[in-house]
Participant: 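One structure, pasted below without further comment.
Note that the structure is predicted; figures quoted are calculated from it, not measured.
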Amino acid sequence: MTPQERILELRRELHEHNRRYYVLNSPTISDYEFDMLLKELQQLEEAHPEMYDATSPTLRVGSDITKEFRQVQHKYPMLSLGNTYSKSEVADFYDRVKKSLNEDFEICCELKFDGTSISLTYEDGKLVRAVTRGDGEKGDDVTANVKTIRTVPLVLSGGGWPREFEIRGEVLMPWSVFDALNEERSRNGEPLFANPRNAASGTLKLQDSSVVAKRKLDAYLYFMLGEQLPAEGHYENLQAAAGWGFKISDTTRKCTTLDEVFAFIDRMDSERKNLPFATDGIVLKVNSLRQQKNLGYTAKSPRWAIAYKFQAERALTRLNEVTYQVGRTGVVTPVANLDPVQLSGTVVKRASLHNADIIGKLDLHIGDMVYVEKGGEIIPKITGVDVDARFMLGQKVSFIEKCPECGTPLVRVEGEAAHYCPNDTACPPQIKGKIEHFVSRDAMNIDSIGPETVEMLFNYGLIKDIADIYALCPEDLMFLPRMGAKSAENVVAAAQASRAVPFERVLFALGIRFVGATVAKRLARAFGNIDALMSASLEQLTAVEEIGERIAASVIAFFAKEANRTLVARLKEAGLKFELEEETLQARTEILKGQSIVISGVFVHHSRDEYKEMIESNGGKNVGSVSKSTSFILAGDNMGPSKLEKAQKLGVRLVSEDEFLAMLR
């Protein structure tokens with residue numbers, strides 16, 4: 001067998017194994033065997049670039065060589081559906097259809113997935129384009145990102161599909177992935193996603209498809225369009241699509257009476273609580289494509305379909321107390337303590353009150369009977385008060401003025417909803433939170449120290465801040481509960497090994513407010529060492545790409561505190577890296593000093609992120625938009641039309657990829 005034949009064989013095998021694992025949930029080989037086949041294919045493709053295929057399974061991992069999203073006109077407009085909130089409105093819809101058609105009809109009942117809409121176009125059995133809904137007339141081409149979603153077939157299986165067709169569906173983030181993502185963002189001090197829908201939508205619009213691949217998005221398809229579809233019925237077309245490798249919900253049903261529709265609504269309203277993804281209702285569609293065509297459209301929505309929205313499940317219970325939690329960054333969150341109540345399959349005893357504004361708006365009093373809902377089916381929250389149930393007015397709930405942990409007066413930044421404790425060097429929850437952040441995988445990666453160990457070490461007085469970690473010795477630890485000699489040695493060894501962590505991750509590990517991993521990397525590359533960063537002015541900081549005044553002010557405020565400067569000095573003494581590696585420093589030049597450069601288009605030799613690093617390491621400044629002060633545009637293929645038009649209007653020079661690399665040489 002020739003290498004070319006083996007490449008084709010491996011692609012067929014991997015597409016089939018991918019379908020069996022992600023769509024059918026019935027794998028026939030182990031993960032290890034799959035990875036070995038994929039690795040073999042990657043090696044063969046690298047050796048034979050002439051065999052490039054845009055639908056190869058190796059492209060599932062994504063790439064950071066990305067492009068600006070191109071606007072694409074929808075062949076068929078993506079209209080929205082009219083919403084109903086009661087069975088009587090569903091009955092009205094059913095009666096309108098019956099009256100208009102004056103013949104028997106079927107209703108296809110489907111779950112209304114709570115994600116972000118996508119349109120996929122296939123030609124000759126291969127995915128050629130994926131476009132977001134956008135404004136319904138045109139959307140963004142996100143094909144590179146969608147290719148990373150394992151449940152979207154790149155090449156169809158079976159047979160009988162039209163030469164060209166479009167299939168629409170919803171890109172989702174499963175609950176388990178959403179929870180893990182928010183947990184990671186919490187550890188990194190990044191804002192949490194409000195719900196899986198926002199997380200899925202935000203992920204799909206990321207410029208780095210390799211990050212999209214790591215987010216483990218899912219996709220359910222629910223509507224097919226084209227000239228030569230396999231069946232006259234919508235439901236039948238979905239079943240055919242399932243045979244081609246698409247993920248079609250097995251909850252979809254055809255109904256012939258209104259009573260059957262109501263029975264489906266009732267069943268799914270109950271069962272939705274056990275689904276692995278978010279859903280907010282049911283979509284009802286006339287099944288016959290001929291009848292759909294006869295019913296037609298209004299200006300905004302089809303007359304043959306409607307959405308029934310589930311009522312948010314809520315319960316009435318008593319508010320007993322409001323307590324306050326202090327997070328790692330000092331943000332103080334009010335928490336309602338309630339009489340236990342059953343809600344969406346779980347017992348709820350606590351609910352978030354978010355901030356002082358929410359408390360004031362609700363006019364809460366201790367002892368109130370309050371309505372509790374799960375916001376987006378995620379976090380319990382109080383949405384209202386049963387004022388008529390008040391027979392004795394308890395104490396009015398007012399937001400506290402001092403930190404509940406250390407007594408420091410709280411502050412509230414103008415324009416922000418949250419109050420926070422500014423005592424970040426002596427407030428116990430903040431200290432423990434900072435230590436947990438410091439040892440986390442994306443920071444110093446001291447994996448022998450988890451949250452429970454941090455709590456124990458802090459309570460026993462062995463660590464009071466992050467620098468104390470490097471003073472620990474096995475003799476201090478081996479007599480602690482559940483520790484032992486071996487565990488004690490592992491803790492100390494992991495701490496010693498973390499001295500090799502590069503500067504940008506050490507900077508991230510310090511836990512400066514608003515400085516996540518990406519911002520830390522940009523600051524490290526821009527200033528080179530901690531001393532230059534500590535003495536940087538607001539103007540110098542905001543000159544760095546993506547560093548606004550809020551981040552810059554936070555960095556300045558952090559290093560203005562003597563306790564933090566002392567902490568950095570102690571960490572230096574412990575051997576941590578507070579400057580860029582020598583090879584990175586040697587690569588720095590002043591070739592692009594004083595130049596503001598815009599990057600646009602698709603590149604061959606390096607990714608956009610790599611080019612951004614080259615610009616920064618050679619003294620230039622990355623900017624996002626074209627203006628009179630732009631020195632030149634590093635222009636790849638398919639440059640954004642708006643940037644090109646503005647560059648021509650302002651006379652800004654375009655520099656090709658090869659010209660730019662020659663410039664640096």
Participant: Gln71 and Asp140: side-chain donor and acceptor closer than 3.5 Å?
Facilitator: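 Per modelled atom types, Gln71 and Asp140 side chains form a pair under 3.5 Å.
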
Participant: Quick check: closest heavy atoms across Lys628 and Leu650, and the distance to 0.1 Å?
Facilitator: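 Result for this residue pair: N-CD1, 3.8 Å.
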
Participant: Give a yes or no on whether Glu549 atom CD has more than 12 heavy-atom contacts from other residues, nucleotides or ligands under 6.0 Å away.
Facilitator: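 It does not: Glu549 CD has 12 such atoms or fewer within range.
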
Participant: I'd like to know whether NZ of Lys349 has more than 12 heavy-atom contacts from other residues, nucleotides or ligands below 6.0 angstrom.
Facilitator: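 Open.
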
Participant: Report yes or no: does Ser535 contribute a side-chain atom to a donor-acceptor pair with the main-chain N or O of Ala532 at less than 3.5 Å?
Facilitator: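 Such a contact is found between Ser535 side chain and Ala532 backbone.
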
Participant: Looking at Leu319 and Ala336, what are the two nearest heavy atoms and their distance?
Facilitator: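 Closest heavy-atom pair between Leu319 and Ala336: CD1-CB, 3.7 Å.
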
Participant: Ignoring hydrogens and angles, state whether a donor on the side chain of Thr425 or Asn564 is under 3.5 Å from an acceptor on the partner side chain.
Facilitator: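 No.
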
Participant: For Lys561, I'd like to know if atom NZ has over 12 heavy atoms of other residues, nucleotides or ligands within 6.0 Å.
Facilitator: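 Buried by this count: over 12 neighbours within 6.0 Å.
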
Participant: For a quick test of reading the model, state the closest non-hydrogen atom pair linking Arg350 to Val348 and the distance between them.
Facilitator: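 Result for this residue pair: O-CG1, 3.4 Å.
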
Participant: Heavy-atom distance under 4.5 Å between the side chains of Val501 and Lys577, does that happen here?
Facilitator: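 Not touching, per the 4.5 Å side-chain cut-off.
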
Participant: Please report the interatomic distance CG(Leu592) to CZ(Phe660), rounded to the nearest 0.5 Å.
Facilitator: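 One gets 5.5 Å once the value is rounded to the nearest 0.5 Å.
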
Participant: With rounding to the nearest 0.5 angstrom, report the NZ to CG distance, Lys402 to Asn423.
Facilitator: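 That separation rounds to 13.0 Å.
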
Participant: For Leu541 and Leu533, work out which heavy atoms get closest and say how close.
Facilitator: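 Distance-wise, the nearest heavy atoms are CD2-CD1, 3.7 Å.
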
Participant: Hey, does the Lys NZ or Arg CZ of Arg513 hover above the aromatic six-ring of Tyr420, less than 6.0 Å from the centre and inside 45° of the axis?
Facilitator: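 Positive - Arg513 is close enough to the ring of Tyr420 and near enough to its axis.
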
Participant: Taking the basic N atoms (NZ, or NE/NH1/NH2) and the acidic carboxylate oxygens, is any pair closer than 4.0 Å for Arg328 and Glu436?
Facilitator: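 So Arg328 does not pair with Glu436 through a salt bridge.
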
Participant: So, for Ser448 and Thr453, which heavy atoms are closest and what is the spacing to 0.1 Å?
Facilitator: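 Taking Ser448 first and Thr453 second, the nearest heavy atoms are O-OG1, 4.2 Å.
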
Participant: Does this structure show an ion pair linking Asp465 with Lys434, if we count only N-O contacts that are shorter than 4.0 Å?
Facilitator: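 Result for this pair is no, no salt bridge flagged.
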
Participant: For a quick test of reading the model, state the closest non-hydrogen atom pair linking Pro409 to Pro422 and the distance between them.
Facilitator: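 Closest heavy-atom pair between Pro409 and Pro422: O-CD, 3.4 Å.
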
Participant: Measure from the side-chain N and O atoms of Asn145 to the backbone N and O of Leu206, and report whether any donor-acceptor pair falls under 3.5 Å.
Facilitator: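 Such a contact is found between Asn145 side chain and Leu206 backbone.
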
Participant: Give the C-alpha distance, both sets of side-chain angles, the deciding distance and a yes or no for salt bridge (charged side-chain N to carboxylate O under 4.0 Å, His left out) between Asp357 and Arg412.
Facilitator: CA-CA 12 Å; Asp357 293 342; Arg412 182 175 182 177; 2.7 Å; yes

Participant: Are Glu573 and Tyr470 linked by a side-chain donor-acceptor pair shorter than 3.5 Å?
Facilitator: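 Glu573 vs Tyr470: no donor-acceptor pair found between side chains.
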
